[in-house]
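Reading through the structure tokens given below for one structure.
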Number of protein chains: 2
Amino acid sequence: MSKRDDILDAATHLFAVKGYQDTSIADISRATGAADGTIFYHFKNKEEILVIILRRIKERILAEFRDNAAKGRFATGLERAENVIRFYLALTAAMETEFMLLFRNYPYQLANINEEARSDLEAVYTCFLDFLTEAIVLGKADGSIDDLPEDKVALVIFGMLSSMVRFRIFNLFPAAAVYPELLLSCRKILSK
Amino acid sequence: MSKRDDILDAATHLFAVKGYQDTSIADISRATGAADGTIFYHFKNKEEILVIILRRIKERILAEFRDNAAKGRFATGLERAENVIRFYLALTAAMETEFMLLFRNYPYQLANINEEARSDLEAVYTCFLDFLTEAIVLGKADGSIDDLPEDKVALVIFGMLSSMVRFRIFNLFPAAAVYPELLLSCRKILSK
DNA sequence: CTCCATCCCGAGCGAGCGCTCGGTACAGAA
DNA sequence: TTCTGTACCGAGCGCTCGCTCGGGATGGAG
């Protein structure tokens with residue numbers, strides 16, 4: 001493992017757990033054994049570290065979603081939609097640290113002033129919303145899903161899911177215990 | 001208006017819009033015309049400003065919810081639940097700045113090390129959840145709401161609502177356009 | 001008037017921050 | 001062997017931050 005990767009991994013963890021602003025360069029160098037100077041040899045500044053981390057996260061999430069979409073075969077649009085939902089929940093559990101970072105405020109503040117960060121964050125959200133919207137369109141066509149504006153319903157469901165994940169990751173509520181009701185609620189919203 | 005209130009108002013706005021960490025004492029003094037020293041005459045440190053702001057927000061939100069509950073008369077539990085939901089959406093619009101602050105990460109970080117902040121934040125969430133849970137229990141009894149664990153369903157609905165409000169407040173998605181579908185979804189989840 | 005409390009001011013402190021820069025170590029090419 | 005490029009180090013610079021402190025203005029009580 002190269003020092004550069006060490007730095008990215010440690011920074012990902014620290015930015016997620018402590019937050020970007022509360023993580024100093026000294027924190028990262030302490031966590032990696034690298035000197036301050038080494039960090040600025042590999043990255044032009046602190047902001048660039050976060051931008052590159054967001055890029056890595058985006059690429060991994062998009063790849064995972066494409067993988068999942070490629071291997072699934074479903075009889076109805078509703079089943080496809082439920083697969084996307086369950087996959088999102090599983091992915092947020094498997095990539096807990098990464099989603100913790102995505103659920104923080106700072107990346108969105110950065111997105112306002114950094115074009116790369118903005119497009120990467122957008123891609124992550126669009127990815128899930130697109131797959132879900134696509135499934136809803138199929139379901140409306142085959143009659144398994146209620147006839148409602150697909151992008152709006154997708155956004156409502158996305159909000160519901162991401163809130164539960166946020167609650168779970170930040171230990172605000174025992175949200176994992178609610179997953180059965182969560183899936184049931186999604187089914188109620190989608191079906192006629 | 002006393003200088004102390006000026007400081008609290010300006011700090012509320014700045015903490016909400018820029019974030020706690022990105023707001024310096026100098027920012028607050030510039031916004032109020034008060035000197036740095038004046039701020040530390042009224043508050044023992046920067047953290048205390050936020051703690052007092054959270055206390056004020058909690059008290060106002062709890063009062064609003066109690067007001068709403070006191071004046072409402074509803075035939076069914078479902079109608080009562082829908083009133084709570086609509087009231088939450090109206091309140092978040094009326095107190096946009098305050099909810100923007102509540103949706104930031106820092107207050108929760110603070111809650112981990114400050115008992116007052118923790119209990120105030122908890123009270124805000126418990127307030128909404130309690131009113132909604134109560135309505136669901138009534139609805140289950142009178143048959144207007146499906147027989148599901150009331151606290152879990154309340155949490156799912158709360159998540160859905162708060163996500164949409166967050167999307168709207170931070171301009172992430174055009175979430176206000178989704179409010180009709182949001183209410184429809186709540187009804188679908190609650191009814192049999 | 002004096003005295004005291006309250007409110008406010010702003011220069012300046014020490015600490016911590018992101019970042020620079022002169023330097024070292026070492027591997028492979030010439 | 002010398003040269004060159006890559007990786008890494010850590011002292012320290014310049015700056016901003018939260019916060020302190022000595023003092024000034026005002027107003028009511030004695």
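Chain A is the first sequence line, chain B the second, and so forth, proteins listed ahead of strands; every chain is numbered from 1.
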Give me the first and last nucleotide of DNA chain D, going 5' to 3', that has any atom under 4.0 Å from a heavy atom of chain A.
D:dT6 to D:dG10
Are any of the side-chain nitrogens in A:R30 or A:D27 under 4.0 Å away from the carboxylate oxygens of its partner?
yes
Determine, for B:R56 against B:D120, whether the closest basic-nitrogen to carboxylate-oxygen distance falls under 4.0 angstrom.
no
By the ring pair (Phe, Tyr, Trp, His ring centres under 6.0 Å) test, which pairs, at least two apart or in different chains, include something from residues 21-63 of chain A?
none
In a check of side-chain contact (heavy atoms from CB on, under 4.5 Å) between B:S162 and each of B:F103, B:F167, B:F128, which one passes?
B:F103
Looking at CE of B:M160 and CG of A:L182, how far apart are the two atoms once the value is rounded to the nearest 0.5 Å?
10.0 Å
Under a 3.5 Å distance rule, please check whether B:S29 uses its side chain to pair with a backbone N or O of B:A26 as donor and acceptor.
yes
State whether A:D142 and A:R80 are salt-bridged, where the test is any N-O pair (Lys NZ or Arg NE/NH1/NH2 against Asp/Glu carboxylate O) under 4.0 Å.
no
Listing time: all N or O pairs from protein to nucleotides 7-10 of chain C that are below 3.5 Å?
{"from": "C:dC7", "atom 1": "OP2", "to": "B:Y41", "atom 2": "OH", "distance (Å)": "2.8"}
{"from": "C:dC8", "atom 1": "OP2", "to": "B:H42", "atom 2": "NE2", "distance (Å)": "2.4"}
{"from": "C:dC9", "atom 1": "OP2", "to": "B:A35", "atom 2": "N", "distance (Å)": "2.9"}
{"from": "C:dC9", "atom 1": "OP2", "to": "B:T38", "atom 2": "OG1", "distance (Å)": "2.5"}
{"from": "C:dG10", "atom 1": "N7", "to": "B:G37", "atom 2": "N", "distance (Å)": "3.4"}
{"from": "C:dG10", "atom 1": "O6", "to": "B:G37", "atom 2": "N", "distance (Å)": "3.4"}

With side chains defined as the heavy atoms from C-beta onward, is the minimum distance between B:N68 and B:F131 less than 4.5 Å?
no
Taking only heavy atoms on the protein side, list every residue of residues 12-28 of chain A lying under 4.0 Å from any atom of DNA chain C, sorted numerically.
A:T23, A:S24, A:I25
With no hydrogens and no angle check, just 3.5 Å: does a side-chain donor-acceptor pair link A:D151 and A:T133?
no
Below 6.0 angstrom between ring centroids: does that apply to B:Y108 and A:F170?
no
Just grab all the side chain to side chain donor-acceptor pair (under 3.5 Å) pairs involving residues 171-192 of chain B, residues at least two apart or on different chains.
A:D146-B:K188, B:E82-B:R187, B:R168-B:Y179
Which protein N or O atoms sit under 3.5 Å from an N or O of nucleotides 24-27 of chain C?
none

Give a yes or no on whether the ring-centroid distance for B:Y125 and B:F158 is below 6.0 angstrom.
yes
